Asker: 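The structure follows.
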Amino acid sequence: MPDQANSLRQLVLTNSAARSPGGRLRPSVALIAGGKGGVGTTTMALNLAVALSQRGIRTVLIDADPRGGDVATLCRLDDSLTLADVLAGRCTVAESLQPGPGGIHVLAGVWALERVSDYPPAACDSVFGQLAGLTDVADWVLVDAGHASASTALRMWHSADLMLLVTTAEDAAVMDTYAAIKTLVTRKQPATLATLVNAVSRPAEGSEVHDRLARACRRFLGFEPVSAGCVESDPLVQRAAAMGDPFVLMMPTGTVARQVSRAAKNLFGLPAMRRLAG
């Protein structure tokens, strides 16, 4: 894991720099998605964002789940301004941010009666384009993109510095994750792609799942995703969600909190966190 973590950090640094032809600082962008629903993508995105903030890294979390997001609910925030308002041009990303738990800033997702796909592709592109202007509040922008094969994720994938795919150890979830990776690679060779295996019974199970995905990608796609680690199953995770508290804050010394903090360090723990942008 240490060698992989170091390699991943270098990949993110190199690829971010390669996307930065000008001289203005901009945040780096990570898309967090799942091959299927129900694997804990939103929970992982929120807790990774808070873990980053705890490390002194300014972090913005954007709920872009095309099916309608629940990040605001998990953070006990209102939805007076949401991604829908930004997509409709009623306000900017910066104007819609709310202070969230642990020092992060949050852009709430679309309302339950709407979908991101209800808006034209140009609106989604405009949202992504605005992220470069968040230099006053963000070193990293984490985007909870929901399903990795959704049109939103596929459009944003082209401009992201990092793609993190969340999966569980269930066979269906692993197969869907591989299918999502294949779809992404078909559209564009990944800059940096990593996996995080959630809700495992033991750490070895997470390693086994990543190894399965890595072997398949190496054999059929010609590259390997990097492991960001795993998070064990813990009933306190659901309890924290029900109470509207990220579990890294509710139980900071627990196993799952330490595993998420380790994943955050593996993925984002670079000393030079800000990137150059044109």
Side-chain angles (χ1 to χ4, degrees), residues 1 5 30 32-57 59-63 65 67-79 98-106 108-109 112 140 142-147 164-174 176-177 194-210 227-269:
M1 177 62 75
I32 302 175
K36 65 185 292 293
V39 296
T41 303
T42 298
T43 299
M44 290 299 105
L46 171 59
N47 283 275
L48 282 168
V50 174
L52 278 177
S53 181
Q54 290 177 319
R55 295 175 60 82
I57 298 169
T59 308
V60 165
L61 175 61
I62 295 179
D63 187 345
D65 189 330
R67 300 166 301 176
D70 54 6
V71 166
T73 300
L74 292 176
C75 295
R76 292 186 288 185
L77 301 175
D78 64 50
D79 58 358
Q98 300 183 61
I104 68 173
H105 285 81
V106 176
W140 273 92
L142 274 57
V143 181
D144 176 8
H147 196 294
L164 175 65
L165 288 174
V166 179
T167 185
T168 63
E170 296 177 357
D171 287 342
V174 176
D176 285 339
T177 299
T195 67
L196 178 64
V197 188
N198 186 31
V200 298
S201 59
R202 63 193 192 287
E205 185 177 37
S207 297
E208 292 165 4
V209 169
H210 175 77
S227 174
C230 67
V231 178
E232 293 179 49
S233 179
D234 189 327
L236 289 179
V237 171
Q238 293 301 321
R239 179 183 172 192
M243 295 178 65
D245 292 314
F247 62 76
V248 294
L249 295 179
M250 181 177 176
M251 43 184 182
T253 61
T255 298
V256 291
R258 287 187 283 107
Q259 289 170 334
V260 166
S261 294
R262 188 178 305 121
K265 180 179 180 181
N266 291 343
L267 287 168
F268 310 107

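Computed over heavy atoms, backbone and side chain alike; hydrogens, waters and symmetry mates excluded. Since this is a predicted model, take the numbers as computed values, not measurements.
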Asker: Holding to side chain to side chain contact (heavy atoms under 4.5 Å, CB included), I want the full list of residues that pass it with A45, two or more places apart in sequence or in another chain.
Answerer: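 A45 satisfies side chain to side chain contact (heavy atoms under 4.5 Å, CB included) with I32, L61, D144 only.
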
Asker: Using side chain to side chain contact (heavy atoms under 4.5 Å, CB included), reason through V39 and M44 one step at a time and then give a plain yes or no.
Answerer: CA-CA 9 Å; V39 296; M44 290 299 105; over 6 Å; no

Asker: Looking at N47, L267, I104, T59, which hits side-chain contact (heavy atoms from CB on, under 4.5 Å) with L52?
Answerer: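 Only one of N47, L267, I104, T59 forms a side-chain contact (heavy atoms from CB on, under 4.5 Å) with L52, namely T59.
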
Asker: Determine whether V197 and E208 satisfy the following criterion, side chain to side chain contact (heavy atoms under 4.5 Å, CB included), listing intermediate values before the conclusion.
Answerer: CA-CA 10 Å; V197 188; E208 292 165 4; over 6 Å; no

Asker: Any side-chain to backbone donor/acceptor pair from T195 onto H210? Under 3.5 Å, distance only.
Answerer: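 Absent.
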
Asker: Once you round to the nearest 0.5 Å, how far does CG of L77 lie from NE2 of H105?
Answerer: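 The NE2 atom of H105 is 11.0 Å from CG of L77, to the nearest 0.5 Å.
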
Asker: Under a 4.5 Å cut-off applied to non-hydrogen side-chain atoms, are K36 and T168 in contact?
Answerer: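 SC-SC contact between K36 and T168 ruled out.
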
Asker: Hey, does R76 have a side-chain heavy atom less than 4.5 Å from the side chain of D245?
Answerer: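 D245 vs R76: side chains touch.
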
Asker: Mark yes or no for whether D65, through its side chain, and G109, through its backbone, hold a donor-acceptor pair below 3.5 Å.
Answerer: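 Looks like no, no N/O pair under 3.5 Å.
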
Asker: Please give me the minimum heavy-atom distance between G40 and N198, naming the atom from each residue.
Answerer: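 Scanning both residues, the minimum pair turns out to be CA-ND2, 3.8 Å.
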
Asker: I need the minimum non-hydrogen distance between C75 and V106, along with the two atoms involved.
Answerer: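 Result for this residue pair: SG-CG2, 4.3 Å.
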
Asker: Hey, could you give me the CD/OG distance between Q238 and S233, rounded to the nearest 0.5 Å?
Answerer: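 Separation between the atoms: 8.5 Å.
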
Asker: How long is the gap from CG on L196 to SG on C230, to the nearest 0.5 Å?
Answerer: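 If we round to the nearest 0.5 Å, L196:CG and C230:SG are 8.0 Å apart.
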
Asker: Who are the side chain to side chain donor-acceptor pair (under 3.5 Å) partners of T253, not counting sequence neighbours?
Answerer: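 Listed in chain order: nothing, the list is empty.
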
Asker: Looking only at non-hydrogen atoms, find the nearest pair between P101 and L46 and report the distance.
Answerer: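 Between these two residues, the closest heavy atoms are CG-CD1, 4.4 Å.
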
Asker: With salt bridge (charged side-chain N to carboxylate O under 4.0 Å, His left out) as the rule and sequence neighbours excluded, what pairs involving residues 249-258 come up?
Answerer: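 Matches after skipping sequence neighbours: none remain.
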
Asker: Which heavy atom of S53 sits nearest to which heavy atom of G102, and what is that distance?
Answerer: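 Minimum heavy-atom separation between S53 and G102: OG-O, 2.5 Å.
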
Asker: Check whether H147 reaches the backbone of A33 with its side chain - one donor and one acceptor, N or O, closer than 3.5 Å.
Answerer: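 No, because the side chain of H147 does not come within donor-acceptor range (under 3.5 Å) of the backbone of A33.
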
Asker: Could you check whether atom CZ of R239 has more than 12 heavy atoms from other residues, nucleotides or ligands sitting under 6.0 Å from it?
Answerer: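 At most 12 heavy atoms, drawn from other residues, nucleotides or ligands, come within 6.0 Å of this atom.
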
Asker: Counting only N and O atoms by type, is there a donor-acceptor contact under 3.5 Å from the side chain of Q259 to the main-chain atoms of E232?
Answerer: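 Yes, the answer is positive, given that a donor and an acceptor are paired below the 3.5 Å cut-off.
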
Asker: Search all heavy atoms of D78 against all heavy atoms of A72 and return the closest pair with its distance.
Answerer: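 Closest approach of D78 to A72: O-CB, 4.3 Å.
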
Asker: Which heavy atom of S227 sits nearest to which heavy atom of G229, and what is that distance?
Answerer: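 Reported closest heavy-atom pair: OG-N, 3.1 Å.
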
Asker: I'd like to know whether F247 forms a side chain to side chain contact (heavy atoms under 4.5 Å, CB included) with L236, so could you lay out the CA-CA distance, the side-chain angles of the two residues, the decisive distance to 0.1 Å, and finally the verdict.
Answerer: CA-CA 8 Å; F247 62 76; L236 289 179; over 6 Å; no

Asker: Atom CG of L249 and atom CE of M243: how far apart are they, to the nearest 0.5 Å?
Answerer: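 It is 12.0 Å, given to the nearest 0.5 Å.
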
Asker: Side chain to side chain contact (heavy atoms under 4.5 Å, CB included), that's the test. Do D234 and T255 meet it? Break it down for me.
Answerer: CA-CA 9 Å; D234 189 327; T255 298; 5.7 Å; no

